[in-house]
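The model shown is predicted, which means the values in this text are computed figures rather than measured ones. Basis for what follows: all heavy atoms, side chains included, without hydrogens, waters or symmetry-related copies. Chain letters run A, B, ... following the sequence lines, proteins first, then strands; residues in each count from 1.
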2 protein chains.
Amino acid sequence: MAANQKTKKQIVIEAAAKLFSDKGYSAASMRELAGRVGLEQASSLYNHIRSKEEALQEICFENARKFIDGITQIEATVFEPVQQVKALIDLHIQAATNDITSVTVFNDEWRHLSEPALSEFLALRKDYEERFKEIINKGIQSGVFKEVNSTIALHTILSGLKWIHYWYKPDRSSELEIVRNDIMLLLISGLEVND
Amino acid sequence: MAANQKTKKQIVIEAAAKLFSDKGYSAASMRELAGRVGLEQASSLYNHIRSKEEALQEICFENARKFIDGITQIEATVFEPVQQVKALIDLHIQAATNDITSVTVFNDEWRHLSEPALSEFLALRKDYEERFKEIINKGIQSGVFKEVNSTIALHTILSGLKWIHYWYKPDRSSELEIVRNDIMLLLISGLEVND
DNA sequence: CCTACCGATCGGTAGG
DNA sequence: CCTACCGATCGGTAGG
């Protein structure tokens with residue numbers, strides 16, 4: 001299959017991401033999903049995906065993988081805590097603007113995963129957060145960051161980025177650079193020692 | 001009725017807030033809500049509330065009112081932008097820790113409101129955000145805040161406070177003062193001109 | 001507050 | 001990919 005060819009499964013998963021972000025996972029029905037991908041019957045969906053939750057899992061884990069890969073690369077190629085946190089903020093901004101609906105589901109609908117997927121997902125999230133926190137701690141130890149509690153700083157920064165996927169629409173791409181600059185100003189200089 | 005007496009309706013609404021925050025509005029069933037307040041039959045709930053959505057409306061609008069009242073009082077009693085933003089951050093921290101489940105529903109489940117309640121709710125939220133933004137703009141004009149886009153600053157600050165209601169449990173009350181200090185350090189000094 | 005019940009809708013299966 | 005269909009569950013009503 002050519003690289004630019006989407007499988008029908010991919011089309012279904014992307015439509016599911018949009019539907020889940022529009023209505024929430026529980027309020028989204030397989031009948032509406034079928035309609036959105038041009039199928040008359042919900043039952044036809046089951047030729048492409050095994051279940052409603054499989055769609056949710058694919059979306060959640062694909063995004064988790066994206067963030068884990070991102071931080072892995074940053075750890076390997078950037079070596080100064082300030083620059084690492086900046087790169088992580090960029091990672092979140094890019095994820096939120098490149099793949100809007102998918103990140104919305106990843107942020108808001110993961111709790112509808114059932115076990116064992118739920119625990120696996122939370123383990124990935126915890127891994128990511130611990131590594132992010134470690135970077136903050138390095139910056140505190142080397143004196144470039146304020147002596148704040150690194151857990152508080154972590155959550156404030158991660159949470160402070162979670163409005164972007166709501167706000168962003170493709171016609172706002174020209175404003176992206178301003179958003180990026182202002183967010184860096186607000187979140188990084190809040191963290192940095194400035195004297 | 002004495003002030004410390006809860007009506008059964010209030011008990012139902014509070015249990016609904018907890019249930020909606022545990023499962024999400026759509027996945028929460030009236031049968032489970034009945035069980036949580038000691039009723040055998042879901043139908044018995046309808047002696048206290050008119051519908052599932054009425055419970056959601058009460059929760060969302062009670063919290064909206066709390067934030068509107070809070071900013072109204074801050075506008076009337078605090079006059080310097082830095083102190084006003086600090087007071088607003090305190091307002092959010094207090095709401096998130098005094099009324100955890102209720103704020104969770106207010107933050108995450110309002111979109112399940114149907115019209116006309118949805119539009120009324122969004123109008124209240126917009127009013128609150130505009131007044132918060134106005135305070136930020138005043139601070140920028142008077143030179144105490146950086147020249148950032150005030151919409152971006154507004155969303156970054158509001159969003160940056162939205163992890164607290166997840167993190168907070170009553171046994172963490174002793175850590176609250178540290179959280180408050182660190183959040184002020186991160187969000188306020190990110191906004192302030194520091195030279 | 002309970003009994004009895006309703007129509008609607010849900011995710012999913014069997015079989016072709 | 002559709003036809004036909006299933007058992008389960010939903011929010012809510014009527015009546016006492």
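In this structure A/Q83 satisfies the side-chain contact (heavy atoms from CB on, under 4.5 Å) test together with A/V78, A/E80, A/K86, sequence neighbours excluded.
Ring centers of A/H92 and A/Y128: under 6.0 Å apart, within the cut-off.
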Could you encode protein contacts along nucleotides 2-13 of chain C as a string, one character per nucleotide from 5' to 3', using B for base contact, S for sugar-phosphate-only contact and - for no contact, with a heavy-atom cut-off of under 4.0 Å? BBB-----BBBB

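Just one residue in the list A/K6, A/R36, A/K8 forms a salt bridge (Lys or Arg N to Asp or Glu O under 4.0 Å) with A/E14, and that residue is A/K6.
Using the Watson-Crick or G-U wobble rule with both distances under 3.5 Å, D/dA4 pairs with C/dT13.
Looking at every heavy atom in both residues, A/V105 comes nearest to A/A17 through CG2-O, 3.3 Å.
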Evaluate the side chain to side chain contact (heavy atoms under 4.5 Å, CB included) criterion for residues A/H155 and B/Y166: first the C-alpha distance (whole Å), next the side-chain angles of each, then the deciding distance (0.1 Å), finally the verdict. CA-CA 10 Å; A/H155 286 124; B/Y166 272 119; over 6 Å; no

